[in-house]
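Naming: A, B, ... by sequence-line order, numbering from 1 per chain. Small disclaimer: the values here were computed from a predicted structure and weren't measured.
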Amino acid sequence: MTEDVRVRFAPAPTGYMHIGNLHTALFNWLFARKMGGAMILRIEDTDELRSTSDALEVIYQGLKWIGLDWDEGPDVGGEYGPYVQSERLDIYHEYLDQLIGGERAYECFCTPEELEERRQVMRARGIPPKYDGRCAALSDDEREELRAAGRKSCIRFRVEEGGTTLIRDIIQGEVTYDNALIGDPVIVKTSGFPTYHFACVVDDHLMRITHVIRAVEHLPNTQIHMQLQAALGFEPPAYAHLPLILGEDRTKLSKRHGAVAVTDYEQQGFLPEAMFNFLVLLGWSPGDEREVMSREEILSSFSLEACDSSPSVFDVQKAEWMNGEYMKLMAPEVIAERLLPLLQEARLMEDSPSAERWEWLVQVVDLMRERTRLLTTFVSWGQYFFTDDYEYENRARKKWLSREEIPERLELLADRLQLLATWDHQSIETAVRGLAEESGVSAAKVIHPCRAAITGTTIGPSLFHLMELLDQEDAIGRLRGTAELARAGKLAAEPEDE
RNA sequence: GCCCCCAUAGUCUAGUGGCCAAGGACGCCGGAUUCUCAGUCCGGAAGCCGGGGUUCGACUCCCCGUGGGGGUACCA
C-alpha cells in the first residue's frame, strides 16, 4: 500500500521570488500532480531579520503567474496548519522539550563573537571549523552562574559523535557524510525562534511530507535533518535534491547576475507558459527530442528519476526562443490578454478598450506574433501600431527616406490610397503595385519607402496587412507627414557611429 | 583549508558496454526567400576534460588528476 504523496514548497519570505525558487516549486508541483498527491505551501519565516511581511503576496503571485496551485497553505488552509512557521513556535518548543529531556539538546552560552573567533582559529590551523561542544558539558551550577551573569543562551542539538550518515537521494544517489565533521548546530536561537533545520524537520513530519524536493544546496543539511529525525523518532521522508541553476559565470544564480526575480521576467514580456516549459527543461528532459511541450505532455512524461544531477546555466537566449515558440503557438486572444497591461502601462492602449478596439488588438497580435519573441516587443518594435509618435530609425532614413524622389512618391501613393473605397490588404496592394508599375519602378521601390514612412523602420510584417490594421486616414497622414519632413530635410541619415 | 557533488559543442540536453565514425535544441556562420527580417526554409562549423585501468569492446564501469560548483552561520 503506497502512502499518498505529499510534497511542500517552503520558501523564505525575503521580498522577492528567485527564478531558482520557482524551479524548485515547479518540480514539486509536477511530482505532486503526477502522483496525484498534495502540494503544500509553507512559509519559512524563521529569519526575523530578513523576512518581510509583504513577501507572502510576492510568493503567491510568482506561483500563480506560472500557473502552479497548492492544496494547503497559509491562504487556503488545510488540516496541518498553520503553514507559517512564525505561527508554530509553541509546536517547536514542545519538540524541543522532548530533545532536552532525552539529553539531545542543551543550552549554549557562547556569544556569536566568541564563536566567530574560534572558527577563525580553527580555520587558520586547517581543521574543519565546527562548534567544539564546550557548553554541552556545563553543569547545572555553571549554567546558573552564567545566567546570573546575564549571559543569553541558545539551544544546540547534540549530533552523533561518530559514524556516518547515509542519504539515499532520488536524484543525487547515495551520499555519505562523516558525523565527526559537524558540530552541534543551533536549533533554537537566543530570540526563541527555531532555526531552519529544526523547524523544517518538525514541520515536514507534522505535515506528513513524503518527499522533500529542494535545491541541492540543502544536501549537506540533510545530515543534520536525518539525525534530528532519528532523535525525535520521526520517519524520514524521501529526498530529491535538485541541481542548481547557475548564472553565465557558472556560479549559483543570484542578484548579482541581474534579472533573477520572477517579476523581472514577467516585466520583460515572458509568457508564463513558456517560462514553465523552459524551466522544466533545466535538469529534466523527456528522454527524447521534444522540447516545446504542453503542460499535459510534460506531466505525462515527468519523473524525479529522470532528473539530472548536474547543474545548468540559465540561458536567457534560449528562454527567449522558447517564448517566441509560445507566441506562435498560443491563441492570439490569450497573448493579447497578457499584452494589454504592458501596452496600458506604456500608454499605448486605453484603460478599457471597446470590443472593437480589442478585436483590433487581437489582429495586431496575430500579425506580429510570428516575428515576436517577447511581449515587450510590441511596445518597442511595434509601437507604430499604437501611436503616430514613432521614431524614424537611422537605417530607414538612410536606405529609403533620404532619396530625392521619395517625397513625391509618397505623396503620389497617398493620393492613390485616398481614392480607395475599401481599405483592405488586397486593395492596398493593388494600389501600391499599380503606382510602381506606372512609375516604371519595381514594387520594392514603393513598398520600402512606404514601410519606412509609415512605421519608421525597415522591418516588420507584410506591409499590406499591417496597413490594413491602420486607419486609412492615419496611414495617408503618415505618408504625407513623412513626405513633408523629408522635403524639409529632416529625415537625413545620421552619420554612423564608429 | 576541510567535506560533498558535478563533468557530452559557448549553452540546455539524448545517450545507461557494441545500435554512436555521438542525436536534438538555443546561439553562431553561410545560402535562399525580389516586401524587409528580428520571420520562414535549407546548409555548415562546433563536443564525449586528461591519464590510467576493467573488458573482445568504452562517452558509458573503476581509480587518479584537473576543472567547476555547493556546503562549512543564532541565513534559509
Side-chain angles (χ1 to χ4, degrees), chain A residues 10-12 14 44-51 108 110-112 115-116 119 122-131 152-156 167 169 172-173 175-178 181-183 185-191 193-197 199-200 214-221 223 241 243-244 246 248 250-252 278 281-292 308-322 324 328 368-373 377 381 395-396 399-400 429 432-433 442-444 446-448 450-452 455 457-465:
Chain A
T14 53
E44 305 207 324
D45 59 345
T46 54
D47 183 343
E48 312 104 292
L49 294 176
R50 287 198 311 157
S51 294
C108 171
C110 302
T111 65
L115 259 14
E116 182 52 36
R119 267 195 294 268
M122 285 186 271
R123 219 164 262 154
R125 276 200 244 145
I127 48 176
K130 63 170 197 174
Y131 181 63
K152 299 265 190 281
S153 67
C154 64
I155 310 289
R156 286 182 187 272
I167 302 163
D169 192 276
Q172 306 291 330
V175 184
T176 306
Y177 286 99
D178 189 341
L181 261 22
I182 54 165
V186 172
I187 53 173
V188 177
K189 308 176 198 177
T190 305
S191 64
F193 263 57
T195 60
Y196 160 69
H197 303 298
C200 172
R214 68 206 340 177
V216 74
E217 58 193 318
H218 290 295
L219 186 61
N221 296 331
Q223 179 182 22
H241 285 92
L244 249 27
L246 276 23
E248 303 276 339
R250 301 206 132 262
T251 63
K252 187 164 74 166
F278 178 71
L281 257 19
L282 256 30
W284 177 80
S285 118
D288 51 43
E289 278 159 8
R290 288 174 294 164
E291 290 205 302
V292 179
D308 195 8
S309 61
S310 54
S312 50
V313 173
F314 186 89
D315 182 2
V316 188
Q317 286 198 115
K318 186 150 184 178
E320 287 181 9
W321 163 78
M322 180 69 79
K328 289 165 201 158
M368 281 288 281
R369 65 195 183 126
E370 187 182 68
R371 63 202 67 229
T372 298
R373 290 197 157 189
T377 308
W381 295 339
R395 207 162 156 236
K399 271 193 99 171
W400 304 112
E429 180 159 7
V432 171
R433 290 193 189 278
S442 68
V446 180
I447 289 171
H448 295 311
C450 179
R451 176 192 297 282
T455 71
T457 155
T458 57
I459 55 201
S462 154
L463 177 69
F464 312 122
H465 288 83

| request: Between G67(B) and G50(B), how far apart are the P atoms? Round to whole Å, please. | output: 15 Å
| request: Please answer whether the main-chain N or O of Ala12(A) pairs with a side-chain N or O of Glu44(A) as donor and acceptor at a distance below 3.5 Å. | output: no
| request: Side chain of Leu244(A) only, please: which of G69(B), A14(B), G39(B) is the nearest? | output: G69(B)
| Is the Tyr196(A) ring parallel, tilted or perpendicular to the His218(A) ring (thresholds 30°, 60°)? | tilted
| said: Give me the distance, rounded to whole Å, that separates C20(B) from C59(B) when you measure between the C1' atoms they each carry. | reply: 9 Å
| query | Any side-chain heavy atom of Glu320(A) sitting closer than 4.5 Å to one from Phe278(A)? | reply | no
| request: Check every strand shown and say whether Ser462(A) touches a base, only sugar-phosphate, or nothing at a heavy-atom separation below 4.0 Å. | output: base
| task | Any strand is fair game: report the nucleotide pairing with G1(B) by Watson-Crick or G-U wobble, both distances under 3.5 Å, or none. | result | U72(B)
Please list each protein N or O that sits under 3.5 Å from an N or O in nucleotides 73-76 of chain B, with the distance.
| unit_1 | atom_1 | unit_2 | atom_2 | d |
| --- | --- | --- | --- | --- |
| C74(B) | O2 | Thr190(A) | N | 2.8 |
| C74(B) | O2 | Thr190(A) | OG1 | 3.1 |
| C74(B) | N3 | Thr190(A) | OG1 | 2.5 |
| C74(B) | N4 | Cys110(A) | O | 2.9 |
| C75(B) | OP2 | Lys189(A) | NZ | 2.9 |
| C75(B) | O2' | Asp47(A) | OD2 | 2.6 |
| C75(B) | O2' | Arg50(A) | NH2 | 3.1 |
| A76(B) | OP1 | Thr46(A) | O | 3.2 |
| A76(B) | OP1 | Thr46(A) | OG1 | 2.7 |
| A76(B) | OP1 | Asp47(A) | N | 3.3 |
| A76(B) | OP1 | Lys189(A) | NZ | 2.9 |
| A76(B) | OP2 | Tyr196(A) | N | 3.2 |
| A76(B) | O3' | Glu44(A) | OE1 | 3.0 |
| A76(B) | N6 | Asn221(A) | OD1 | 3.3 |
| A76(B) | N6 | Asn221(A) | ND2 | 3.2 |
| A76(B) | N1 | Asn221(A) | ND2 | 3.4 |

| field | From C26(B), U11(B), C4(B), nucleotide with atom closest to Arg250(A) side chain | value | U11(B)
| said: Any base atoms under 4.0 Å from Gly460(A), or only sugar-phosphate, or nothing? Heavy atoms, all strands. | reply: base
| Side-chain contact, heavy-atom cut-off 4.5 Å: Thr457(A) with Trp381(A)? | no
| query | Quick one: does His448(A)'s side chain get under 4.5 Å of Lys399(A)'s, heavy atoms only? | reply | no
| message | Could you tell me how far apart Asp308(A) (CG) and G69(B) (P) are, to the nearest whole angstrom? | response | 18 Å
| Watson-Crick or G-U wobble partner of C26(B), both distances under 3.5 Å | G10(B)
| note | Whole-Å distance, Glu248(A) CD to C26(B) C1', equals 12 Å
| field | C19(B) and C12(B), which share atom name C1', separated by this distance in whole Å | value | 25 Å
| Is the closest side-chain heavy-atom distance between Met322(A) and Leu281(A) below 4.5 Å? | yes
| request: Would you mind classifying the nucleic acid contact of Arg395(A) as base, sugar-phosphate or nothing, using non-hydrogen atoms under 4.0 angstrom? | output: nothing
| message | Without decimals, in angstroms, what is the distance between Asp169(A) CG and C6(B) C1'? | response | 14 Å
| note | The nucleotide from C35(B), G39(B), G69(B) with an atom nearest the side chain of Ile447(A) is C35(B)
| message | Taking pairing as Watson-Crick or G-U wobble with both contacts under 3.5 Å, can you name the mate of G50(B), or confirm there isn't one? | response | C64(B)
| field | Side-chain donor/acceptor of Ser312(A) to base of C12(B), under 3.5 Å | value | no
| Which part of the nucleic acid does Gly283(A) contact within heavy-atom distance under 4.0 Å: base, sugar-phosphate only, or nothing? | sugar-phosphate
| query | Would you say Cys108(A) and Ser153(A) make side-chain contact, with heavy atoms under 4.5 Å? | reply | no
| Counting side-chain heavy atoms from C-beta on, which of C26(B), C35(B), C3(B) comes nearest to Leu181(A)? | C3(B)
| task | Quickly work out the Ile167(A) CD1 to C3(B) C1' distance and round it to whole Å. | result | 12 Å
| query | Which base, if any, makes a Watson-Crick or G-U wobble pair with C41(B), both distances under 3.5 Å? | reply | G31(B)
| request: Remember a base hit wins even if backbone is also touched, and classify Ala124(A) as base, sugar-phosphate or nothing at under 4.0 Å, heavy atoms. | output: nothing
| Do Arg156(A) and Pro185(A) come close enough that some side-chain heavy atom pair is under 4.5 Å? | no
| remark: Rounded to whole Å, CD of Glu320(A) lies from P of C26(B) at a distance of 14 Å
| message | For a quick check of understanding: with a heavy-atom distance under 4.0 Å over all strands, which category does Ser442(A) fall into, base, sugar-phosphate or nothing? | response | nothing
| request: Check whether any side-chain nitrogen or oxygen of Arg373(A) sits under 4.0 Å from OP1 or OP2 of G27(B), and answer yes or no. | output: yes
| request: Would you mind reading off the distance between Glu116(A) atom CD and U72(B) atom P, rounded to a whole angstrom? | output: 13 Å
| request: Could you tell me whether the side chain of Lys189(A) reaches within less than 4.5 Å of the side chain of Glu48(A), counting heavy atoms only? | output: yes
| N or O in side chain of Lys318(A) less than 4.0 angstrom from U13(B) OP1/OP2 | no
| request: Ignoring the backbone of Arg371(A), work out which of A14(B), U36(B), G70(B) is nearest its side chain. | output: U36(B)
| Would a 4.5 Å heavy-atom cut-off, applied to side chains only, mark Val432(A) and Ile447(A) as touching? | yes
| task | Pick the P atom in C56(B) and in A22(B), then give their distance to the nearest Å. | result | 26 Å
| task | Hey, which sits more toward the 5' end of RNA chain B by its nearest nucleotide, Lys252(A) or Leu219(A)? | result | Leu219(A)
| request: Give one of base, sugar-phosphate or nothing for Thr372(A), where a contact means two heavy atoms less than 4.0 Å apart. | output: nothing
| query | When you compare G18(B) with C61(B), how far apart are their P atoms, in angstrom units rounded to a whole number? | reply | 12 Å
| task | Check every strand shown and say whether Leu463(A) touches a base, only sugar-phosphate, or nothing at a heavy-atom separation below 4.0 Å. | result | base
| request: To the nearest Å, give me how far apart CH2 (Trp284(A)) and P (A14(B)) are. | output: 10 Å
| When you match Lys328(A) and Trp321(A) each to their closest nucleotide on RNA chain B, which lands nearer the 5' end? | Trp321(A)
| request: Can you tell me, in whole Å, how much space there is between the C1' of G69(B) and that of C49(B)? | output: 15 Å
| Counting side-chain heavy atoms from CB outward, which of C12(B), C6(B), G27(B) is closest to Gln317(A)? | G27(B)
| Do any N or O atoms from the side chain of Gln223(A) and from the backbone of Ile167(A) form a donor-acceptor pair under 3.5 angstrom? | no
| Side chain of Glu291(A): nearest nucleotide among C35(B), A25(B), G69(B)? | A25(B)
| message | Measuring from the side chain of Val313(A) (C-beta onward, heavy atoms only), which nucleotide among C35(B), C12(B), G39(B) has the closest atom? | response | C12(B)
| note | Here the distance between atom C1' of U34(B) and atom CZ of Arg451(A), to the nearest Å, is 14 Å
| query | In whole Å, what separates the C1' atom of U11(B) from that of G27(B)? | reply | 8 Å
| task | Have a look at Thr458(A) and say if it touches a base, only the backbone sugar-phosphate, or nothing, with a 4.0 Å heavy-atom cut-off. | result | base
| query | Considering only the P atoms, how many Å lie between G53(B) and A46(B), rounded to the nearest integer? | reply | 30 Å
